[in-house]
Structure formats: C-alpha cells, structure tokens
Amino acid sequence: MSDYLKKHSTKPTLRDVPTSFSEFRDIIVGRHKKEVVIFYPNHDETSSVPEGSISSQEKLEEVEERKGLEKYWAIITTGAGLFSDGYINNSISSVSSCFSKIYGKKYTQSRAIQNISSIVFVGTVVGQLTFGYLSDHYSRRISMLIGTSLLIVFTILCSGAWGVGTSGTEPGGLFAALTAWRFFLGIAIGSEYSSGSPAAAEASNLLPAHKRNRWFIWFTNFTIDFGFVVGAFVPLVLLWICDQKHLTPVWRISIGLGAIPPISLFFLRLRFKESKKFERTKFTKGLPYWRIIKFYWFRTTIVSIIWFLYDFSSYAFGTYSSIIIGLVLPADASLYKNFGWNVVLNLFYIPGSFIGAYSTDYFGARLTLGVGLVVQSAIGYGLAGGLEHLKTHIAGFVVMYGIFLTVGEFSAGNNVGVIASKVYATPVRGTLYGISAMVGKVGAFVGTWAFPTVIRRYGLKAPYYISSTLCIFSAFLAYFFLPDLDQDAMNREDERFHEYLRASGYDMTSLGCHVDVDGTNVDILADSDDSVMKKEDHDVEVVEH
C-alpha cells in the first residue's frame with residue numbers, strides 16, 4: 001500500500017491535501033479510472049473494501065433483507081421530504097408578487113421583501129445543525145418524524161398568518177408574523193437535509209453499482225426541483241380561479257397546500273427502518289469532535305464552499321424569479337403573464353436534474369459538476385451581455401434564463417448532495433452533511449438578501465456576472481480538491497474512518513451495537529494495527545445473553 005493510501009491513518013489532518021507531485025498525479029489522473037465508468041464497461045465496484053470486512057458483511061445482510069422495490073422505497077421515503085423545500089421557497093416568489101400588488105410600496109420599499117424570503121434560510125441553518133446531531137447520535141427515523149411534524153404545523157401557521165391591523169389594504173403585523181413562522185418552518189426544512197438525505201444516501205448504497213447516484217438525485221435534488229415547478233404552478237391555477245382582484249386567497253392557499261405532501265410522508269416514515277450499518281457504527285457516548293475535525297476539516301471546507309456558492313445564486317434566482325420576469329415584462333403586463341412565464345421558467349429545472357442524474361452515474365459527480373459549471377458560466381456571461389436585446393423578446397429571455405438554470409441543476413444542483421453523501425462516514429454523515437448544507441443555506445440567505453440591492457444598484461446584469469464568475473471558481477475547487485467519488489466511495493470511507501479511529505487509540509467498543517431478533521449481541525471489536533492496515537481479520541465477537 002502506498003504512503004498516500006495510508007495517510008488517513010498516518011497523517012489524517014493532511015490526508016486530502018497532496019504533499020508531493022506523485023500524490024497530485026494520483027489524485028488528478030488516477031481517480032478518473034474509477035469515476036468515469038462509461039469508459040470502463042466491465043468496471044463494477046472495484047472497491048478497496050475487501051470481501052468479508054464488516055462493511056461488506058453488513059451490506060450483504062441488508063441487501064438480502066431489503067429486496068425488490070423495498071430498496072427503492074427506502075430512498076423515496078427518506079428523500080421525498082425535500083419537495084417541501086422546493087415548494088415553500090419557490091411559492092414565496094409568487095406570494096411576494098401578490099404582496100406587491102396588494103400592499104404596493106408598503107411592501108416593495110420595506111425590509112419585508114427581504115425578510116420574508118430570506119428568514120426561512122436562517123431557520124434552515126438551525127435545523128440542519130440540530131437535526132444533524134440528533135440523526136447521528138439517536139436516530140435517523142425519529143429525526144425525520146419530528147422534522148416532518150414541524151413542517152406540517154408551521155406551513156399551516158404561515159398560511160393563516162395575521163397581525164394587529166392587518167386588512168385587505170393594510171399589512172399591519174402580517175409581515176412580522178409571517179417572518180416569525182417562516183423561521184420555524186426553516187428549522188423543519190433543515191431536518192430534511194441532515195436526517196432525510198443521509199438516510200437516502202445509505203439506502204441508495206444498497207442498489208447495484210451505477211444506479212446509486214441517479215436514484216439518490218431523483219429523490220433529493222430532482223424532488224426539490226419538482227417542488228419548484230409545483231410551487232410556481234399552484235399560484236397560477238389559484239389566480240385563474242380567484243382573479244387578480246382577490247389575491248389574498250391566492251397567496252394563503254398557495255402556502256397552505258404545501259402542508260399536504262408532508263402529511264402523507266409522515267405516515268410513510270413511521271414504517272422506515274434504520275440501516276444496519278448505522279445501528280452498528282453510531283457513536284453511543286457522544287461524538288469525538290476533535291478527532292472528527294482533524295479527519296474531515298479540509299473536505300468539509302471544500303464541500304461547504306461549493307454548496308455556499310451554488311445556493312447563493314440558485315435560491316436567489318428562484319426566490320425572485322417572478323420579480324425578475326416582472327422587470328423584463330412591460331410595466332402594464334398582467335399578473336397572469338408574470339405567473340405564467342414563471343411556470344415556464346421553472347420547468348427548465350426538470351430536464352437538467354433528470355438527465356444530469358445519469359451523467360453523474362456514468363461520468364462521476366466531479367466531472368459532471370465541473371464541466372456543467374463551466375458551461376453555465378459561459379451561458380451566464382452571454383445572458384448578461386445580451387440582456388438589453390433579450391428584454392425586448394420575453395420568450396428569448398425566458399429560454400436563455402431557463403437554460404442557465406437547467407445547466408446549474410445538471411451540475412452543482414444534482415451533485416453537491418451526492419458529494420456530501422459520499423465523502424463522510426456513516427457515524428458522522430448526518431452531522432457533517434448538515435454542516436455542509438448549513439453553509440449552503442447561509443449562501444442562500446446571503447443571496448436572497450443581497451440580490452434586490454444588487455439589482456437596484458447595478459441593474460439586472462450584475463447577478464448574472466456574479467453567478468457566472470462563482471461557477472468557474474466552484475468548478476476549480478471541485479476538480480482539484482475533492483476526494484475520490486466513485487460508486488463505492490461510501491463503503492471505503494467507512495473502513496478508513498474506522499481505521500483512523502483505531503490508529504488514534506479510540507475505544508471502538510463505544511460504537512453502537514445491534515441486537516438481532518434471536519437476542520444475539522454483535523459488537524465491533526478493535527483490530528490490531530497490522531490487521532487494520534492489511535484490511536484483514538476483522539473479527540466479530542458474538543456474546544449470548
């Protein structure tokens with residue numbers, strides 16, 4: 001075994017940082033032989049995890065237990081909650097347009113236009129950190145159930161938000177009440193990232209190689225994008241029903257309907273089963289934070305920056321999409337046209353995410369993300385340069401804007417979650433996935449807060465220039481500084497994390513155990529350093545009670 005492959009045990013703090021030319025060569029050149037599987041048709045899980053190891057045994061047991069559609073059903077149950085993230089964050093764009101028509105300058109020239117849109121991301125940050133700890137230390141299932149319950153309650157409260165002095169023409173305390181409820185709604189959304197998504201990643205790892213990424217993406221990011229589309233279409237339907245003279249029921253019902261999907265999901269999650277690997281490897285005596293920081297500081301930083309930059313532009317563009325279209329449409333254009341073009345625009349999210357899921361399986365997350373971001377930046381620069389001409393052709397603007405968004409979903413939108421699910425070990429996946437997603441939501445908060453100011457001061461071109469430049473920077477970080485992201489990266493990372501803990505002197509008996517139905521208690525024992533480095537003799541002690 002080369003020194004580079006031993007760094008996770010010998011130099012854990014620098015394991016992701018190349019310290020010689022040979023390491024740099026292995027990282028940049030060697031990884032594609034594992035990641036770009038379309039060029040290697042016979043390639044199938046060429047993992048460094050040996051047959052007979054703990055990870056291999058656990059996987060075989062669980063694959064046998066979850067057969068047929070049950071393997072896919074676990075991904076659907078855990079990942080589908082992110083639909084609410086897309087619906088809630090995109091429907092607020094149409095709600096914001098309704099407020100502009102109902103309350104005029106009392107809304108558009110107040111802080112409310114930023115507070116209502118961005119406060120949900122503050123709550124999401126709190127939820128991601130809180131539920132990340134709960135999902136790792138206690139249970140993925142319990143965390144998901146609590147988060148789903150909060151999602152239902154606060155969606156309904158947002159729909160019925162009211163304040164002192166609120167009327168058909170006066171907002172009164174409405175904006176303050178809606179801001180408060182959306183903060184707690186954000187906490188519920190945060191639970192989906194740090195408990196639902198890690199559970200979906202672990203469920204996808206039971207699928208055949210070269211299908212794992214696409215199924216994970218279809219029920220995480222694609223689900224968010226589908227929520228974007230529905231969140232844009234529902235207000236349009238309600239506008240057809242209620243007419244432009246009755247916008248209050250339009251925005252209230254638009255928000256309230258967002259409670260229906262999590263109600264259905266709650267009952268599905270009652271039957272969810274924790275993965276065997278999580279039950280057997282979770283920390284039972286608290287997380288060893290200093291060891292985790294030493295092992296994961298670099299890759300967590302890189303993943304977090306990429307996620308921050310993606311959410312900075314993606315959520316800001318999504319949240320203000322109807323407002324941006326309103327700036328391009330003639331001043332006397334009806335709200336029907338605004339909402340209608342917003343639906344068309346959001347439909348562009350779908351093909352990018354769906355097709356990109358296949359690309360991630362065949363070409364790998366790193367290459368799909370990097371190439372996609374470079375293409376997106378080129379489109380963004382072109383869109384900014386030709387904006388004045390496109391303003392006179394709304395259809396052309398929407399098509400170019402839509403292509404810009406669909407390439408973003410093809411690349412970063414799909415793959416930031418895939419990357420975060422693969423680079424962390426099972427016992428800490430919820431916490432570190434939550435931290436990475438948290439930094440992303442900080443980017444979303446900054447973007448939704450800053451975009452109105454940027455547009456007012458520098459015009460509509462500025463966001464496209466900013467976003468396109470950040471795309472190139474993200475592609476650079478992903479290509480050169482992320483670890484291996486092949487199909488079996490999750491299993492290999494679990495093995496390396498356990499080896500690191502043993503090498504650092506950690507008491508391995510404090511990791512979780514599993515009680516089988518016959519009452520047999522199976523504990524993971526610490527191996528000797530020699531057997532660990534050779535990946536041999538992973539013993540399992542069976543104690544009868």
Side-chain angles (χ1 to χ4, degrees), residues 62 65-66 70-88 120 123-159 181-206 216 219-220 223-224 227 256-284 287 417 421 426-435 437-438 441 512 514-515:
E62 195 152 15
E65 185 176 308
R66 296 186 181 184
E70 188 174 351
K71 292 184 293 186
Y72 297 93
W73 193 248
I75 303 174
I76 296 170
T77 302
T78 53
L82 287 172
F83 171 88
S84 296
D85 182 20
Y87 182 89
I88 289 166
V120 71
T124 302
V125 166
V126 176
Q128 286 165 334
L129 291 176
T130 303
F131 284 92
Y133 176 82
L134 291 175
S135 68
D136 277 344
H137 195 66
Y138 295 102
S139 167
R140 307 271 201 253
R141 176 176 175 271
I142 292 175
S143 295
M144 286 191 292
L145 289 173
I146 294 174
T148 306
S149 301
L150 293 175
L151 193 59
I152 296 167
V153 171
F154 287 106
T155 298
I156 294 172
L157 289 174
C158 284
S159 176
W181 295 138
R182 278 179 59 81
F183 169 78
F184 291 104
L185 185 62
I187 294 177
I189 292 173
S191 71
E192 294 296 335
Y193 283 89
S194 49
S195 55
S197 293
E202 289 153 13
S204 70
N205 200 42
L206 301 177
F216 176 79
F219 287 96
T220 52
T223 304
I224 295 175
L257 290 175
I260 295 177
I263 290 173
S264 304
L265 195 61
F266 179 84
F267 293 101
L268 294 177
R269 288 178 168 180
L270 287 172
R271 302 182 62 185
F272 174 75
K273 295 179 181 179
E274 303 280 9
S275 71
K276 289 183 178 294
K277 180 176 287 187
F278 170 72
E279 290 181 334
R280 292 180 177 177
T281 62
K282 70 177 181 179
F283 292 101
T284 58
L287 302 179
S421 71
T426 299
V428 295
R429 183 169 291 119
T431 300
L432 297 181
Y433 191 107
I435 290 173
M438 174 209 71
K441 283 299 183 261
H514 174 71
V515 180

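Just so it is clear, the values below take in all heavy atoms, side chains as well, and ignore hydrogens, waters and symmetry mates. Note that the numbering runs from 1 along the sequence shown for the chain.
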Contacts satisfying salt bridge (charged side-chain N to carboxylate O under 4.0 Å, His left out) that involve residues 185-196 (not counting sequence neighbours) are E192-R269

Can you tell me which residue pairs pass the salt bridge (charged side-chain N to carboxylate O under 4.0 Å, His left out) test with a partner in residues 129-138, sequence neighbours excluded? D136-R140

L134 and I142, any side-chain heavy atoms less than 4.5 Å apart: no

Is it the case that the side chain of R182 and the backbone of C158 share a donor-acceptor pair, with hydrogens and angles ignored and the cut-off at 3.5 Å? no

A188: what forms a side chain to side chain contact (heavy atoms under 4.5 Å, CB included) with it, not counting sequence neighbours? L150, L151

Test ring-ring contact (aromatic ring centres under 6.0 Å, His included) applied to F184 - qualifying residues, sequence neighbours left out: F154

Ion pair check, K277 and E202, cut-off under 4.0 Å: no

Test your reading of the model: is there a side-chain donor-acceptor pair from S159 to the backbone of T155, 3.5 Å cut-off? no

In chain order, what residues pass the side chain to side chain contact (heavy atoms under 4.5 Å, CB included) check against V126, with sequence neighbours excluded? T130, F183, I187

Kindly indicate whether the side chain of Y87, heavy atoms from C-beta on, has any atom under 4.5 Å from the side chain of I224. no

Is the backbone N or O of S194 less than 3.5 Å from a side-chain atom of S197, with the two atoms forming a donor-acceptor pair by type? no

List in chain and number order the residues that pass side chain to side chain contact (heavy atoms under 4.5 Å, CB included) with L270, two or more places apart in sequence or in another chain; answer none if no residue qualifies. R141, L145, F266, F267

Can you tell if the side chain of V428 reaches within under 4.5 Å of the side chain of F283, non-hydrogen atoms only? yes

Are side-chain N/O atoms of K282 and Y138 paired as donor and acceptor at under 3.5 Å? no

Are W181 and L185 close enough that some pair of their side-chain heavy atoms sits under 4.5 Å apart? no

Between T78 (side chain only) and I75 (backbone N and O only), is there a donor and an acceptor less than 3.5 Å apart? yes

Given side chains that start at C-beta, do those of L82 and F219 come closer than 4.5 Å, heavy atoms only? no

